[in-house]
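The next block holds one structure in the form of structure tokens; read it before the comments.
Below, chains carry the letters A, B, ... as their sequence lines are ordered, and counting in each starts from 1. Values reported hereafter were calculated over all heavy atoms of this structure, with side chains retained and with hydrogens, waters and symmetry mates removed.
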Amino acid sequence: MRLSQAFQPTLKEVPAEAQIASHRLMLRAGLVRQSSSGIYTWLPAGLRVLRNIANIVRQEQDRIGGQEILMPTVQSAELWRRSGRYDAYGPEMLRIEDRQGRELLYGPTNEEMVTDLFGGTVKSYRELPKMLYHIQWKFRDEIRPRFGVMRGREFYMKDGYSFDLSYEDAVSSYYRIMLSYLKIFRRLGVQAVPMAADTGPIGGELSHEFLVLAPTGESEVFYDAGWDEIDWDSIGLDPQKEEDLQKLREIVKTTYSATDEKHDLSAWEAVPEDRRRGGRGIEVGHIFYFGTKYTESMGVEVSGADGAPLHPHMGSYGIGVSRLVGAIIEASHDEAGIIWPEEVAPYRAALLNLRPGDELCDQLCESIYGRDPEGLLYDDRSDRAGVKFNDADLMGHPWQIIVGPRGAKAGMVELKHRATGERSELALDEALAKLGLA
RNA sequence: CGGGCAGUAGCGCAGUCUGGUAGCGCAUCAGUCUGGGGGACUGGGGGUCGUGGGUUCGAAUCCCGCCUGCCCGACCA
């Protein structure tokens, strides 16, 4: 994309309403604009990040047998009355009436809908297990929206639902998802620690939330240093292998972690003092096993092997996709701006033409840009160099390819790594090779 | 929902106390120079002062209602 044509309005000054780093940076870098309290419009670069995150989630969910569907945002009150949650959910649920006077709601979550879908379709134990997920906008009428997209009222979320025949199978599904989540967060470039959690209005008995460690997090967290030290890639746990899921269960059981809500002082004191870690965390995911709660309340059964009907065991698994955009920035930024992890960056590199109009610079830039117009953000604006440097740092692409008249004469470009600040003068071919553009 | 604060140009703000018909910086447009970390100069455009009512010869300014946004707290992906 040519920056001269892009709809990416960067701001030199910070809008007064933004209090925390991620919110300020998202506004300044031109990722989002607020529409009303807790409701945002995503601009092109922000949308790219949102999609990158969603795609990583998708790939990893598919890898463990998830199947993507897309359920509607608007649901009928009738559905929620069947589970008994219509009244239980409270004012956080946005209720709507259509022109016929029918009661509708903007979905805050989809257990009822997916259970109904499943029940109407699956009739035999032979069709289990099933893992369905979708990535869809949700609405929860938060009492006090704040922190930009981190606590919006409208938010983009992946919610998955597992259906199993037995408690044992459901617990396997639960840990399979947990393993998948750990991988997802690693790919997103953040450290997220699973912590025992309350089940809230979703209900159930086995639940963990995933907290990204960041100083602005809303919860206080306590965990064993083991969570910092485990090298998941080299352990290589396979989500399809039952014994590996058992190993994960063992790690979870023996490596302490909890938010302040579930903090257990006696267990904490059993952790050696030099291994206790604390801090603040942002909740970016939450998984629940809730058994037959919905299949029973909504009357969903399948025939078992012996012909007798049984209620499938369910779990639900959420990842806050839009919140993650903010959370990643909270965990990865500096004074100058955002530092995007490789896989989520809106563009892999910014190409800075320090002297547009200079024949050599233009030529060199065009030849580089032509190699990947989709993946490069070409700053071809007629602004001065300082503006471009500052905007590139603000927008936070992993790499900057800097082309100026000095180097251009010699066929050299400069490569800057945003995260480390490291710069190197390279011959064009070398630079292209390093970025995989050769 | 309880407590606090704020709405004046795209953004950041002054002007409100003490009423006299709106201003600064940045951004933007035109031009000249400049050219490796938000450059300089010249000239221009842009505002029903959140909104409705009231007081007054006259309201951004005083009074009342409403709307919107933000911060602290109890709740959540």
Side-chain angles (χ1 to χ4, degrees), chain A residues 9-20 23-24 27-28 30 33-39 53 57 89-93 107-110 135-160 181 192 197-202 207-212 217-219 259 261 281-288 316-327 335-337 352-358 361 379 381-394 400 402-408 413-414 416 421 423 425:
Chain A
T10 56
L11 262 30
K12 212 186 326 187
E13 283 175 287
V14 192
E17 75 267 16
Q19 298 297 314
I20 62 167
H23 192 193
R24 284 198 299 264
L27 292 168
R28 286 194 53 213
R33 283 291 115 101
Q34 181 167 30
S35 171
S36 63
S37 178
I39 301 178
I53 295 172
V57 170
Y89 214 92
E92 204 174 88
M93 182 149 79
T109 178
N110 284 60
I135 305 178
Q136 177 64 291
W137 292 94
K138 306 284 188 293
F139 195 96
R140 292 182 193 171
D141 198 358
E142 295 284 339
I143 295 171
R144 184 154 95 84
R146 66 187 117 169
F147 304 147
V149 300
M150 295 248 288
R151 176 178 297 290
R153 293 194 292 170
E154 187 182 53
F155 58 98
Y156 199 47
M157 174 173 146
K158 189 278 317 193
D159 41 322
Y181 272 31
D198 278 326
T199 53
I202 310 250
S207 172
H208 286 84
E209 44 191 29
F210 289 76
L211 281 289
V212 166
E218 295 188 73
S219 321
T259 61
E261 281 176 7
I282 302 164
E283 185 182 355
V284 293
H286 204 152
I287 59 180
F288 305 86
S316 83
Y317 315 93
I319 289 183
V321 176
S322 50
R323 171 178 287 186
L324 266 162
V325 178
E335 281 302 301
L352 309 189
N353 187 345
L354 297 190
R355 190 76 65 82
D358 177 278
C361 287
D379 194 342
R381 298 174 301 176
S382 58
D383 291 86
R384 297 169 66 90
V387 175
K388 300 188 180 190
F389 288 132
N390 282 311
D391 272 349
D393 286 347
L394 172 63
Q400 294 169 21
I402 301 162
V403 177
R406 272 189 340 227
V413 301
E414 196 174 328
K416 176 178 166 183
R423 297 152 162 271
E425 291 252 8

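Pairing for G52(B) goes to C64(B), judged as Watson-Crick or G-U wobble with the two contacts each under 3.5 Å. Across all strands shown, C17(B) forms no Watson-Crick or G-U wobble pair with both distances under 3.5 Å. Using the Watson-Crick or G-U wobble rule with both distances under 3.5 Å, A22(B) pairs with nothing in any strand shown. As the counterpart of U28(B), G44(B) is assigned, both hydrogen-bonding distances of the Watson-Crick or G-U wobble pattern falling under 3.5 Å. With a cut-off of 3.5 Å on both pairing distances, the Watson-Crick or G-U wobble partner of C5(B) is G69(B). Taking a pair to require two hydrogen-bonding distances under 3.5 Å in either a Watson-Crick or a G-U wobble arrangement, A77(B) remains unpaired.
Among the nucleotides A77(B), G36(B), G38(B), the one closest to the side chain of Arg140(A) is A77(B). Nearest nucleotide to the side chain of Phe389(A), out of G38(B), G36(B), C75(B): G36(B). Ranking G38(B), G36(B), C75(B) by closeness to the Pro405(A) side chain, first place goes to G36(B). The side chain of Arg384(A) sits closest to G35(B) out of G35(B), G36(B), A77(B). Listed nucleotides: G39(B), C76(B), A74(B). Nearest to the side chain of Arg323(A): C76(B). Of the listed nucleotides (G39(B), C76(B), C71(B)), C76(B) has the atom at the smallest distance from the side chain of Glu218(A).
Using a 4.0 Å heavy-atom criterion, one finds that Asp358(A) contacts no nucleic acid atom at all. Within the nucleic acid shown, Asp159(A) has no heavy atom closer than 4.0 Å to any nucleic acid atom. Gly404(A) comes within contact range of at least one nucleobase, with a heavy-atom separation under 4.0 Å. Using a 4.0 Å heavy-atom distance criterion, Arg153(A) is classed as making no nucleic acid contact. At the heavy-atom level, Ser382(A) lies under 4.0 Å from base atoms of the strands shown. Residue Val284(A) is in sugar-phosphate contact alone, with no base atom involved, counting any heavy-atom pair closer than 4.0 Å across all strands shown. Counting non-hydrogen atoms under 4.0 angstrom, Glu414(A) reaches a base of the nucleic acid. Residue Glu142(A) is in base contact, counting any heavy-atom pair closer than 4.0 Å across all strands shown. Residue Gly326(A) is out of contact with every strand shown, counting any heavy-atom pair closer than 4.0 Å.
Per the geometry, NZ belonging to Lys388(A) stands 12 Å off P belonging to G36(B), to the nearest Å. The separation between Glu209(A) atom CD and A77(B) atom P is 7 Å, rounded to whole Å. Going from atom CZ of Arg151(A) over to atom P of C75(B) covers 11 Å, rounded to whole Å. If you take CZ of Phe147(A) and C1' of C76(B), they are 13 Å apart, rounded to a whole angstrom. In this structure, CD1 of Ile282(A) is placed 14 Å from C1' of C76(B), rounded to the nearest angstrom. Counting to the nearest Å, the P atom of G38(B) and the CZ atom of Arg28(A) are 14 Å from each other. Distance CZ (Arg144(A)) to P (G4(B)): 15 Å, rounded to an integer number of Å. Following rounding to the nearest Å, Ile39(A) (CD1) and U68(B) (P) show an atom-to-atom distance of 12 Å.
A77(B) and C70(B) are spaced 23 Å apart, taking the C1' atom of each and rounding to whole Å. Taking atom C1' on both G20(B) and G65(B), the two are 27 Å apart, rounded to the nearest angstrom. Remark: the separation of the P atoms in G31(B) and G52(B) is 40 Å, to the nearest Å. Taking atom C1' on both nucleotides, G23(B) is separated from G47(B) by 11 Å, rounded to a whole Å. Remark: the separation of the P atoms in G46(B) and U61(B) is 24 Å, to the nearest Å. Only the C1' atoms considered, A59(B) is 11 Å distant from G54(B), to the nearest whole Å. C64(B) and C71(B): their P atoms are spaced 27 Å apart (whole Å). Straight-line distance between the P atoms of A9(B) and C5(B): roughly 23 Å, to the nearest whole Å.
At least one donor-acceptor pair under 3.5 Å links the side chain of Gln34(A) to the backbone N or O of Ser36(A). Within the 3.5 Å criterion, the main-chain N or O of Val321(A) finds no donor-acceptor partner in the side chain of Lys158(A). A donor-acceptor pair under 3.5 Å links the side-chain atoms of Ser207(A) to the main chain of Ile287(A), judged by distance alone. Of the possible polar contacts, none joining the Arg323(A) side chain to the Phe155(A) backbone as a donor-acceptor pair under 3.5 Å is found. Not one N or O on the side chain of Arg153(A) forms a donor-acceptor pair closer than 3.5 Å with the backbone of Glu142(A). Arg140(A) places a side-chain N or O within 3.5 Å of a backbone atom of Pro108(A) that can act as its donor or acceptor partner.
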Original post:
Would Ile20(A) and Met150(A) satisfy side chain to side chain contact (heavy atoms under 4.5 Å, CB included), going step by step from the backbone distance to the final call?
Top reply: CA-CA 10 Å; Ile20(A) 62 167; Met150(A) 295 248 288; 4.1 Å; yes

Subject >> side chain to side chain contact (heavy atoms under 4.5 Å, CB included) between Arg146(A) and Gln19(A), intermediate numbers included >> reply: CA-CA 9 Å; Arg146(A) 66 187 117 169; Gln19(A) 298 297 314; over 6 Å; no

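His23(A) contributes atom NE2, which lies 13.5 Å from atom CZ of Arg151(A) (distance to the nearest 0.5 angstrom). Here the CD atom belonging to Glu414(A) is positioned 8.5 Å from the CG atom belonging to Leu354(A), to the nearest 0.5 angstrom.
Applying the side-chain hydrogen bond (donor to acceptor under 3.5 Å, both in side chains) test to Asp159(A) and every residue at least two apart in sequence or in another chain returns His134(A), Lys138(A), Tyr161(A).
Nearest-nucleotide positions on RNA chain B place Ala385(A) closer to the 5' end than the other of Ser36(A) and Ala385(A). Along RNA chain B, the nucleotide nearest Gly318(A) and the nucleotide nearest Arg355(A) are compared for position; the residue whose nucleotide lies closer to the 5' end is Arg355(A).
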Interface polar pairs with nucleotides 8-13 of chain B, N/O, under 3.5 angstrom:
from	atom 1	to	atom 2	distance (Å)
C11(B)	O2	Glu13(A)	OE1	3.3
G12(B)	OP1	Ala16(A)	N	2.6

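Side-chain N/O atoms of Asp383(A) and base N/O atoms of G38(B) include no donor-acceptor pair closer than 3.5 Å.
Side-chain contact check for Glu283(A) versus Thr259(A): every heavy-atom pair is 4.5 Å or farther apart.
Checking the phosphate oxygens (OP1, OP2) of C70(B), no side-chain nitrogen or oxygen of Arg146(A) falls inside 4.0 Å. Contact annotation: Arg406(A) side-chain N/O to G36(B) OP1/OP2 distance is not under 4.0 Å. For C70(B), the OP1/OP2 oxygens have a side-chain nitrogen or oxygen of Ser37(A) closer than 4.0 Å. The shortest distance between the side-chain N/O atoms of Gln19(A) and the OP1/OP2 oxygens of C72(B) is not below 4.0 Å.
For the pair Phe155(A) and A77(B), the ring geometry qualifies as stacking, because the centroid separation is below 5.5 Å while the planes lie within an angle under 30°.
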